[in-house]
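Worksheet for the structure shown next.
In listed order, ligands and their atoms are each counted from 1.
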Amino acid sequence: MQIIRTVSDLEAFVGKTLDNGKTIGLVPTMGALHDGHLSLVKRAVEDNDVSLVSVFVNPTQFNNPTDLATYPRDEENDFRLLAQAGATAVFAPSVDEMYPDGTQADHVYDLGTAAEVMEGKFRPGHFQGVAQVVSRLFLLCRPTRAYFGEKDFQQIAVIRNMVESEHINVDIVPVPIKRADDGLALSSRNALLTEEQRNVAPEIHVALAYSVEYSKDHSVSATHDTVVERINAVPYMNVEYFEIVDGRTLLPVEEWTESPDIVGCITVYCGKVRLIDNIRYK
Ligand code: PAF
């Protein structure tokens with residue numbers, strides 16, 4: 001596996017690949033890789049001639065400096081896992097390499113209303129930072145396909161809107177959530193949980209899965225309330241938001257009949273660690 005650190009080496013790698021008529025599958029990551037990331041890499045390896053993984057903790061998408069400072073990093077282990085998974089190359093630039101003119105964005109991305117709800121409300125500026133780094137990665141890597149995990153359900157919708165408004169020619173491929181055996185959605189942030197917190201964190205998925213059954217004979221608002229009450233009753237847990245939304249617009253629904261595509265999106269603080277998850281109702 002080739003390790004690429006600079007934009008000029010990346011451009012040479014991408015240029016040569018495309019000149020040879022090969023397709024590139026890009027997996028953008030912030031490192032601290034786990035089986036969820038590796039399932040994206042597996043898809044990229046299967047679908048494309050060349051699989052390129054970026055490992056870059058993007059400072060512009062963190063609205064909380066402590067969150068950025070404590071974000072888990074383990075580059076050596078990441079490279080080992082990527083080589084084992086069969087990735088062709090990894091692009092792991094420094095912040096200066098990625099943002100040679102500074103991290104200040106020179107452009108406001110049109111991300112649609114999907115960026116204004118949920119994470120958009122609680123993490124102001126977050127999606128502009130995601131759009132800034134992902135659009136730069138798309139420009140540099142020129143992928144045929146790019147792979148994103150469905151744990152970040154809203155992020156996928158926002159990136160699709162960005163691709164459309166910026167006229168970028170790339171297929172966005174969503175990949176299902178990977179879970180631990182006890183149901184907890186895999187996330188780099190799980191490494192920050194204490195043992196006690198890790199033991200109770202699966203309750204997020206347990207409550208969401210239970211709510212799918214419950215929703216069959218209860219209203220949207222009763223289903224919402226039962227999830228929030230159940231999770232808030234668990235030690236260390238505090239629901240930041242739980243919204244039951246139309247899976248296409250991400251706007252809240254009030255009735256189950258309102259849309260053929262309904263998803264519940266949740267963010268929970270487990271101690272100081274912010275965990276996100278979602279569940280499909282329809
Ligand atoms: O999902 C992530 O890990 C990040 O938001 C991404 C897409 C790699 C952009 O930094």
Side-chain angles (χ1 to χ4, degrees), residues 4 7 10 24-41 43-44 51-64 67-75 77-79 81-82 85 87 89-95 97-99 103 105 109 111 114-115 118-120 122-141 143 145-163 166 168 170-178 185-192 250 265 267 273-278:
I4 303 172
V7 166
L10 178 67
I24 298 179
L26 174 68
V27 182
T29 82
M30 297 205 298
L33 302 181
H34 49 67
D35 279 350
H37 296 111
L38 298 178
S39 71
L40 309 185
V41 177
R43 281 290 307 275
S51 51
L52 178 56
V53 181
S54 61
V55 172
F56 178 66
V57 181
N58 174 37
T60 71
Q61 70 188 73
F62 286 81
N63 53 328
N64 173 344
D67 193 19
L68 173 61
T70 56
Y71 198 82
R73 298 169 201 239
D74 190 350
E75 196 179 78
N77 192 45
D78 290 345
F79 292 177
L81 292 172
L82 291 175
V90 57
F91 175 51
S94 65
V95 173
E97 190 64 33
M98 198 61 185
Y99 296 119
T103 50
Y109 295 88
L111 306 176
M118 302 189 286
E119 294 295 284
F122 286 92
R123 300 182 74 189
H126 167 66
F127 284 127
Q128 285 296 322
V130 170
Q132 182 189 11
V133 75
V134 173
S135 63
R136 182 148 171 74
L137 286 169
F138 285 173
L139 207 77
L140 296 171
C141 302
R145 302 178 188 86
Y147 298 80
F148 294 91
E150 281 186 331
K151 181 172 70 65
D152 297 294
F153 188 79
Q154 187 177 6
Q155 174 169 273
I156 297 180
V158 170
I159 289 174
R160 283 192 198 283
N161 288 348
M162 186 272 284
V163 161
E166 297 288 313
I168 303 174
V170 57
D171 269 359
I172 303 300
V173 185
V175 179
I177 301 178
K178 269 263 178 196
L186 296 188
S187 162
S188 305
R189 291 174 201 270
N190 293 352
L192 303 172
L250 302 194
C265 297
T267 293
V273 185
R274 193 172 185 273
L275 301 175
I276 75 171
D277 204 344
N278 60 73

Would you give me the side-chain donor-acceptor pairs under 3.5 Å for residues 148-159, sequence neighbours excluded?
residue, atom, partner, partner atom, Å
Gln154, OE1, Glu119, N, 3.1
Gln154, NE2, Ala114, O, 2.7
Gln154, NE2, Val117, O, 2.8

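Residue pairs meeting the salt bridge (charged side-chain N to carboxylate O under 4.0 Å, His left out) criterion with at least one partner in residues 129-138, sequence neighbours excluded, do not occur; the list is empty.
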Quick check for students: name every N or O atom pair between ligand 1 and the protein closer than 3.5 Å, with distances.
residue, atom, partner, partner atom, Å
ligand 1, 1 (O), Gln155, NE2, 2.9
ligand 1, 5 (O), Gln61, NE2, 2.9
ligand 1, 5 (O), Gln155, OE1, 2.7
ligand 1, 10 (O), Gln61, OE1, 2.6

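Applying the side-chain contact (heavy atoms from CB on, under 4.5 Å) test between Leu82 and each of Val53, Asn77, Val27 identifies Val53 as the sole match.
In terms of the side-chain contact (heavy atoms from CB on, under 4.5 Å) criterion, residue partners of Thr60 (sequence neighbours excluded) are, by chain and number, Asn58, Tyr99, Thr103, Gln132.
The shortest non-hydrogen separation linking Asp78 to Ala32 is OD2-N, 3.0 Å. Across Ala185 and Ile177, no two heavy atoms sit closer than the pair CB-CG2, 3.9 Å.
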